[in-house]
Amino acid sequence: MDIRTPLPAPVYPTPPPSAPNTWDASRNRRDFGFAAAAVVAIVAIVAACIAMAAGHEPLGPSEWDSRVVSLVSFVEEERGHSFAHPVYVEFLTAEDYRAQSIDGAPATAADREYYDVQARTFRALGLIGGDVDLAAEQDEIRDSGTLAYYSPDHRTIYVRGVEVTPSLRVTLVHELTHALQHQVFNFDLSHAQSSGEAFALRALAEGDAIRVENAYYDTLTADEQQKIADQSEIDVSSSKALNSDSAPVLLALFRAPYDLGVPFVRLLASIDDELDYAYEYPPQSEENIFDPATFLTDDFPEYVIPAKAPAGAKYVRAMGSEVGVVMWYLLIATHLDQRQALTAVEGWGGDAMTVYEQDDQLCTAMIFRGETQRDSDEMYTALSRVGTSLLLDHKPKVSIDARDVLLTLCDPGPTAKAPTVDAMSIFTRPTVRSLLLGLALEDPDVSYERADCAVDKTVDLLDDARMKQLLEATSREDSAVREVLSYLETAIAGCR
């Protein structure tokens, strides 16, 4: 299957702080959210050849950089595994980091064509407007949207910064965790068989690295934590990527593996050996991350045959044939709201996408297959409402055939108006849902089905403002958290 990524990010970037915590008592967690592509395909590892060409030893340096030795020990102890050998750590100035992260190579004709098609596809879905330069947006996200990244190809951690501040130490812990994942589990996103699996692997890796990073943060003094908070404010306010309104949906896509990966990994880590097991038998789809219960119950997607392009139309192969739960959710949440989006995508059973060009207009035909007829009916209702909101320019067509819902939207061109998208909070509802699921399953007597039932009942009671309150809380003793946990306990008792 084609798993080419829209806007590939640096391998394993660390984002500036910004998203959900897990309400663990005794924890004072930072928020981490922005970065990483929704679907990421990494080139297969040919480390020996690349490393030698770069002047590095094939397996890494003979010893660790002295500035990271204590951090290496922390990561090994927290993660329960040891490094097989050191990796290179390159501390770079802001200018050198930008040159390294964006690679500096001029875009090829094929690259330019791909980004043009992707921009037209996003416009067709009503997710961006105007004439957006996606290649430039990608470079900005790679540069000002990240603090560091680990490259398994080079066995090297590239870091923005030369002074080892508290913020940089926390960043290094995150990237060292990625290096350990690579060595212990031979973790390589290029092994993914589909875009959905690539996203799931990405979320697993990022959620795991954030978990270790947060544990390290908890060991710091109050003064060090304050310095991190101050630096975080500077990083966020100065980041062009984080403050761009050219294509906010791109920020949401880059943010998704972090927002959704944190509660997914938190749940796995609460079950004996389940986190390591997930690396050996990884999640297969975005749904497994979006709704962790589907991973624990081995719920795998159905294969859906893509729609045929109309007679005389040119099939656009570059965009692949998958939509994914994340894109369905963003499509609906952008034009309706998070509540309707979550309800619609929870019954995802599989999908397919066909992008084609006819009469110089690019169109996207997407099929959603619900797990039950009710699931399909709910999606049909949601997509009909989306179609109504896009009625003037996008030529929407929505139909349903048994469990398959077909939505076709066409690109209205660069005059299209950009939607209003709050990229920093658009995944609030599914993130809270996953966190609540993990809390419900802390009781070993509660089954997955019962927990699912209880969480749905609880989430239905919460408006967007309450959701944000929950994600801003730092402890279970917070009044907002205690109230919601009371709702959850009552719901668990009522679900049998």
Side-chain angles (χ1 to χ4, degrees), residues 17-33 200 203-204 206-215 218 255-271 274-275 278 283 286-296 325-326 329 333 338-339 341-343 345-346 424-443 446 448 450-492 495:
S18 67
N21 68 61
T22 61
W23 313 321
D24 282 349
S26 81
R27 291 289 178 99
N28 181 17
R29 291 176 178 265
R30 287 200 299 147
D31 289 338
F32 299 86
L204 170 64
E206 298 303 349
D208 190 13
I210 289 171
R211 186 181 67 87
V212 177
E213 181 179 352
N214 281 335
D218 288 342
R255 181 186 178 99
Y258 287 82
D259 279 2
L260 302 173
V262 168
F264 176 74
V265 167
R266 181 194 185 280
L267 175 56
L268 298 186
S270 71
I271 304 171
E274 191 67 38
L275 181 54
E286 292 178 10
E287 183 194 31
N288 288 161
I289 307 299
F290 204 90
D291 181 1
T294 64
F295 175 67
L296 297 173
V325 173
V326 169
Y329 175 84
Q338 291 191 36
R339 185 184 295 273
L342 184 58
T343 297
V345 303
E346 278 184 316
M424 304 304 284
S425 66
I426 198 165
F427 290 109
T428 296
R429 188 165 287 268
T431 299
V432 168
R433 188 190 185 283
S434 291
L435 290 172
L436 289 175
L437 182 67
L439 293 171
L441 289 172
E442 286 180 352
D443 183 344
V446 175
Y448 300 141
R450 193 173 164 198
D452 239 2
C453 166
V455 168
D456 282 340
K457 288 180 180 294
T458 304
V459 169
D460 282 345
L461 297 173
L462 307 178
D463 59 17
D464 290 348
R466 182 69 62 84
M467 296 277 187
K468 290 181 180 180
Q469 273 186 309
L470 294 175
L471 292 185
E472 291 168 358
T474 58
S475 165
R476 295 193 196 196
E477 297 309 309
D478 184 284
S479 59
V481 176
R482 291 173 64 183
E483 183 178 22
V484 171
L485 291 181
S486 176
Y487 295 160
L488 181 62
E489 186 176 346
T490 301
I492 290 173
C495 289

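Basis for what follows: all heavy atoms, side chains included, without hydrogens, waters or symmetry-related copies.
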Colleague: Which is it for Leu485 and Thr458 under the side-chain contact (heavy atoms from CB on, under 4.5 Å) test, yes or no, and what are the steps along the way?
Modeller: CA-CA 9 Å; Leu485 291 181; Thr458 304; over 6 Å; no

Colleague: Name all residues meeting the side chain to side chain donor-acceptor pair (under 3.5 Å) criterion together with Ser425; count only those two or more places apart in sequence or in a different chain, and write none if there are none.
Modeller: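 Testing Ser425 for side chain to side chain donor-acceptor pair (under 3.5 Å), a comparison that skips the adjacent residues, returns Asp422.
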
Colleague: Between Arg450 and Ile492 (side chain of the first, backbone of the second, donor and acceptor by atom type, cut-off under 3.5 Å), is there such a pair?
Modeller: yes

Colleague: When rounded to the nearest 0.5 angstrom, what is the spacing between CG in Leu436 and CG in Asp456?
Modeller: 10.5 Å

Colleague: Keeping Arg476 on the side-chain end and Val481 on the backbone end, is there a donor-acceptor pair under 3.5 Å?
Modeller: no

Colleague: Write down the atom of Ala491, the atom of Ala454, and the distance for their closest heavy-atom approach.
Modeller: CB-O, 3.6 Å

Colleague: Less than 4.5 Å apart, side chain to side chain, heavy atoms only: is that true for Thr428 and Leu471?
Modeller: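 Thr428 reaches Leu471 side chain to side chain.
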
Colleague: Side chains of Ile289 and Pro283: does their closest heavy-atom pair fall under 4.5 Å?
Modeller: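 When only atoms from C-beta onward are counted, Pro283 and Ile289 do touch, with a gap below 4.5 Å.
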
Colleague: As an exercise, state the distance from CG of Leu437 to CD of Glu442, rounded to the nearest 0.5 Å.
Modeller: 10.5 Å

Colleague: Out of curiosity, Gln469 CD to Asp464 CG, how far, rounded to the nearest 0.5 Å?
Modeller: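 Going from the CD atom of Gln469 to the CG atom of Asp464 covers 12.0 Å.
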
Colleague: For Asp460, enumerate each residue passing the salt bridge (charged side-chain N to carboxylate O under 4.0 Å, His left out) test, keeping only those at least two apart in sequence or located in another chain.
Modeller: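 By the salt bridge (charged side-chain N to carboxylate O under 4.0 Å, His left out) rule, Asp460 matches no residue at all.
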
Colleague: One pair to check against side-chain contact (heavy atoms from CB on, under 4.5 Å): Leu462 and Leu470. What are the steps and the verdict?
Modeller: CA-CA 10 Å; Leu462 307 178; Leu470 294 175; 3.8 Å; yes

Colleague: Just to verify, what does Thr294 make a side chain to side chain donor-acceptor pair (under 3.5 Å) with, not counting sequence neighbours?
Modeller: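 Counting only residues at least two positions away or on another chain, Thr294 forms a side chain to side chain donor-acceptor pair (under 3.5 Å) with Asn288.
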
Colleague: So how far is it from Arg429 CZ to Thr343 OG1, rounded to the nearest 0.5 Å?
Modeller: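 If I round to the nearest 0.5 Å, the distance is 8.0 Å.
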
Colleague: side-chain contact (heavy atoms from CB on, under 4.5 Å) between Gln338 and Tyr329: does it pass, once the steps are laid out?
Modeller: CA-CA 8 Å; Gln338 291 191 36; Tyr329 175 84; 3.1 Å; yes

Colleague: Kindly write out the residues that satisfy salt bridge (charged side-chain N to carboxylate O under 4.0 Å, His left out) with Asp291, not counting sequence neighbours, or none if the list is empty.
Modeller: Arg433

Colleague: A side-chain contact here means heavy atoms from C-beta on lying under 4.5 Å apart; do Pro430 and Leu260 qualify?
Modeller: yes

Colleague: In chain order, what residues pass the ring-ring contact (aromatic ring centres under 6.0 Å, His included) check against Phe295, with sequence neighbours excluded?
Modeller: Phe264

Colleague: Looking only at heavy atoms, which two atoms of Ala440 and Val446 are closest? And how far apart?
Modeller: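 Closest heavy-atom pair between Ala440 and Val446: O-CB, 3.8 Å.
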
Colleague: Less than 4.5 Å apart, side chain to side chain, heavy atoms only: is that true for Leu204 and Leu275?
Modeller: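 Yes - at least one pair of side-chain heavy atoms lies under 4.5 Å apart.
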
Colleague: Got Val262 and Asn214 here, is their nearest side-chain heavy-atom distance under 4.5 Å?
Modeller: no

Colleague: Are Thr431 and Met467 close enough that some pair of their side-chain heavy atoms sits under 4.5 Å apart?
Modeller: no

Colleague: Which atoms form the tightest heavy-atom contact between Ala278 and Leu268, and what is the distance?
Modeller: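 That closest heavy-atom pairing would be CB-CD1, 3.7 Å.
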
Colleague: Which value, rounded to the nearest 0.5 Å, describes the distance between Glu274 atom CD and Leu296 atom CG?
Modeller: 5.5 Å

Colleague: Working note: Glu489 + Arg482, criterion salt bridge (charged side-chain N to carboxylate O under 4.0 Å, His left out); need CA distance, chi angles, decisive distance, verdict.
Modeller: CA-CA 10 Å; Glu489 186 176 346; Arg482 291 173 64 183; over 6 Å; no

Colleague: Please name the pair of heavy atoms, one in Leu267 and one in Gly438, separated by the smallest distance, quoted to 0.1 Å.
Modeller: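 Minimum heavy-atom contact is CD1-CA, 3.7 Å.
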
Colleague: State whether Glu206 and Arg255 are salt-bridged, where the test is any N-O pair (Lys NZ or Arg NE/NH1/NH2 against Asp/Glu carboxylate O) under 4.0 Å.
Modeller: no

Colleague: For Glu483, give me all partners under salt bridge (charged side-chain N to carboxylate O under 4.0 Å, His left out), at least two apart in sequence or on another chain.
Modeller: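 Here the qualifying residues are Arg466.
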
